[in-house]
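Every chain is numbered from 1, with letters handed out A, B, ... down the list of sequences. From a predicted model like this one, the values you see are computed outputs, not experimental measurements.
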2 protein chains.
Amino acid sequence: MTASPPRLTRKEQQARTRATLITSATRVLARKGLRGASIDDITADAGFTKGAFYANFASKEAMFLELLDEQFAEKLETIERIAGDGSDLGDQADRVGRDFVEALRGDEDWSRLFLEFAAHATREPAFGAEFRERFDKLRGGVAAVLERRAAELGIVPPFPADEIARMTFSMAHGVALEQLLDPATPEDLFGSMLRLFFGGVVVASTPAPPL
Amino acid sequence: MTASPPRLTRKEQQARTRATLITSATRVLARKGLRGASIDDITADAGFTKGAFYANFASKEAMFLELLDEQFAEKLETIERIAGDGSDLGDQADRVGRDFVEALRGDEDWSRLFLEFAAHATREPAFGAEFRERFDKLRGGVAAVLERRAAELGIVPPFPADEIARMTFSMAHGVALEQLLDPATPEDLFGSMLRLFFGGVVVASTPAPPL
DNA sequence: GTATCCGGATACTCGTCGGTACGCAACCGC
DNA sequence: GCGGTTGCGTACCGACGAGTATCCGGATAC
């Protein structure tokens, strides 16, 4: 009957609090916006008060950065996993897109939060710089995947991989926005669009020169 | 030397004030966000004070609607102009996109404002409903243009025009976002992307059945 | 076991912002 | 030209939110 140690060291306890706050912040900020959500909103959602917040973060802005980091790290991991597992199969052109559907589409909260972050990034130079840094890294990962796929298919796309990656991002974020704005948006719009788009890319490509 | 009548009737004067406020609101809201911009910010930019604002708008939220209406009306006009002038020429597949580049791309302020409106629309049901109404109408206009172009080319696209229009919108908004987030984004990304995409649409289309 | 430390709660401060009350001066109808 | 009207300026109010000061109680160090 002796329960497993509910005793947590001080550090563990605080780490738990911090994690809880971040989780609540993700949800609350996504729903009410970076400015619309107050610190009290966030801490209340997590079952704490202001004191807990300022024991864990220097300011509201500082926690934005924390959150930004966490969210992007997650996405980067997904992309890198995809980039790495290419050992097994390289098949149809439309396979190119399938993975991105999984990797770049998140849940609704992620879309909302991304939208909020993006808007904030266009206004706050410091935050914008951090945002762009992570954004570029993500795009670099996508570009790498695209290059490998092009090599597998033995084609040279009409634009550099980085630019195709930009286009892929644009579609992902554009669709996410469309889905936020209109619940009637088809669930697989992104997938259909990617297939059409990469169909066009393949058509506009030239054969790779022999080595 | 007698200047032309600087005398304006009361109604004209107020209309001028209102227009000035809306112009300032467009700029200020785009730069600071719907929540970040205060009414004092807006009226100060216009050279007025709070009194002028509340003499012209019932509330901050009400002016959002006013602005929404004005901005979308402008876009709708552009689309309908394009939809109407199709008498002269129907040519290459990539012509399909050229017009949209012009019609759906706005200046940076419009992108920012759209982003703000979109975020607001996902949070405020009433505003969201108004937003969606105008959004749907715009998309309807785009779908109509697409259908005409498909007919000109004698093809049946693999998806209904409405869905292709959604994809076009997604690309337009996605690119706009990309450009806001990263100044290094190629200027004509949207154009290039549209050509690739519609290239893919044409490839995936079937010939139109004879009448 | 006792002194110390510190994560988090509580109770403030101060600035800001949406909205209101009211005053004033220029316009309006007569 | 005179009295009512009204567009806009000014002064204000209540609410709220970020951040701070202080305190408490339980963990930690010795």
Side-chain angles (χ1 to χ4, degrees), chain A residues 3-25 27-67 116 120 123-124 126-127, chain B residues 3-25 28-68 116 120 123-124 126-127:
Chain A
S4 56
R7 289 286 152 177
L8 283 86
T9 86
R10 211 106 183 256
K11 286 212 158 163
E12 288 170 337
Q13 183 59 262
Q14 188 178 15
R16 214 173 79 62
T17 300
R18 190 190 184 81
T20 307
L21 284 174
I22 288 188
T23 302
S24 286
R27 178 171 47 246
V28 175
L29 290 175
R31 275 167 176 56
K32 308 177 74 162
L34 300 196
R35 280 192 90 107
S38 71
I39 291 176
D40 283 333
D41 286 337
I42 294 167
T43 52
D45 181 272
F48 291 97
T49 62
K50 218 174 257 192
F53 186 92
Y54 284 98
N56 281 283
F57 307 99
S59 67
K60 200 184 179 187
E61 190 72 24
M63 101 130 5
F64 289 168
L65 281 177
E66 196 93 3
L67 245 173
E116 289 297 332
H120 192 62
R123 280 193 290 272
E124 302 294 326
F127 187 85
Chain B
S4 56
R7 289 287 152 177
L8 283 85
T9 84
R10 213 112 183 244
K11 286 212 157 163
E12 289 168 335
Q13 184 57 263
Q14 189 176 15
R16 215 173 78 64
T17 300
R18 189 190 185 82
T20 306
L21 284 174
I22 288 187
T23 301
S24 286
V28 176
L29 290 176
R31 275 165 176 56
K32 310 183 52 163
L34 299 197
R35 274 191 91 106
S38 72
I39 291 177
D40 284 332
D41 287 336
I42 295 167
T43 53
D45 182 272
F48 291 96
T49 61
K50 219 174 256 191
F53 186 91
Y54 284 98
N56 280 284
F57 306 100
S59 66
K60 201 184 179 188
E61 189 71 24
M63 101 126 11
F64 290 168
L65 280 177
E66 196 92 4
L67 246 173
L68 184 76
E116 289 296 332
H120 192 62
R123 282 194 289 272
E124 302 294 326
F127 188 85

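Counting all heavy atoms, side chain and backbone alike, A/Ala52 lies closest to A/Leu21 at O-CD1, 3.9 Å. For the pair B/Lys32 and B/Asp41, the tightest heavy-atom approach, listed with the atom from each and the gap, is NZ-OD2, 3.2 Å.
Within the model, atoms OG1 of B/Thr20 and CD1 of B/Ile42 stand 13.5 Å from one another, a figure rounded to the nearest 0.5 Å. With values rounded to the nearest 0.5 angstrom, A/Arg18 atom CZ is found 12.0 Å from A/Thr23 atom OG1. Note that CZ of B/Arg123 is 12.0 Å distant from CZ of A/Arg31, once rounded to the nearest 0.5 Å. Going from atom OG1 of A/Thr17 over to atom CZ of A/Phe48 covers 4.0 Å, rounded to the nearest 0.5 Å. For the atom pair B/Ser38 OG and B/Phe53 CZ, the distance stands at 10.0 Å (nearest 0.5 Å). The distance from atom CG of B/Leu29 to atom NZ of B/Lys60, rounded to the nearest 0.5 Å, is 7.0 Å.
The NZ atom of A/Lys11 sits 18 Å away from the C1' atom of D/dG26 (whole-angstrom rounding). A straight line from CZ of B/Arg10 to P of D/dC8 spans 9 Å, rounded to a whole angstrom. Here C/dC17 presents its C1' atom at 12 Å from CD1 of B/Ile42, a figure rounded to the nearest Å. Spacing between atom CG of A/Asp41 and atom C1' of D/dA18 amounts to 13 Å, rounded to whole angstrom units. Taking atom CD of residue A/Gln13 and atom P of nucleotide C/dC6, one finds them 16 Å apart after rounding to whole Å.
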Query - Verdict with supporting geometry, A/Phe57 and A/Leu67, side-chain contact (heavy atoms from CB on, under 4.5 Å) - result: CA-CA 11 Å; A/Phe57 307 99; A/Leu67 245 173; over 6 Å; no

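Against DNA chain D, the stretch residues 28-40 of chain B makes no heavy-atom approach under 4.0 Å. A heavy atom lying under 4.0 Å from DNA chain D marks the following residues of residues 49-60 of chain A, by number: A/Lys50, A/Tyr54, A/Ser59, A/Lys60.
The backbone N or O of B/Ala55 lies less than 3.5 Å from a partner atom in the side chain of B/Gln14, making a donor-acceptor pair.
A heavy-atom distance below 4.5 Å is not found between the side chains of B/Thr43 and B/Tyr54.
Fit an axis to the five pairs at each end of the helix from C/dG1-D/dC30 to C/dC30-D/dG1 and the two axes sit 20° apart, to the nearest 10 degrees.
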